[in-house]
Amino acid sequence: MGFDEKLEQLDEMLARLEEGKLSLDEALSTFERGVTLVKESRELLDKAEQRVTLLTKDGEEIPFTHPQDHV
């Protein structure tokens, strides 16, 4: 799932939570999934930022591998 899809899901989850019609279990589950999506989205943004930094550093593309990719 891409960044845009994650944001769309987060918007939908927030709308459901704000309605106040979810049971406690549903609200907690939705919140937990939202936290996961936020973390995943942040990781995508971090990777994109690092790639842009590497691409613009000397005007040439430098392949970037995230440190977590080597774990």
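Since we're looking at a predicted model, the values are computed, not measured.
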*Are any of the side-chain heavy atoms of Thr53 and Gln50 separated by less than 4.5 Å?*
no

*Listed by chain and number, what are the side chain to side chain contact (heavy atoms under 4.5 Å, CB included) partners of Ala27, not counting sequence neighbours?*
Leu17, Leu22

*asked:* Looking at every heavy atom in both Phe3 and Leu45, which two are closest together, and how far apart are they?
replied: CE1-CG, 3.6 Å

*Please collect all salt bridge (charged side-chain N to carboxylate O under 4.0 Å, His left out) contacts where either partner lies in residues 3-13, sequence neighbours excluded, each pair once.*
Lys6-Glu40

*Would you say Leu37 and Val35 are hydrophobically clustered, going by side-chain heavy atoms of ILVMFWY under 4.5 Å?*
no

*Treat each ILVMFWY residue as a node, draw an edge where side-chain heavy atoms are under 4.5 Å apart, and state whether Leu44 and Leu10 are in one component.*
yes

*Could you name each residue pair satisfying side-chain hydrogen bond (donor to acceptor under 3.5 Å, both in side chains) that touches residues 21-35, not counting sequence neighbours?*
Ser23-Glu26

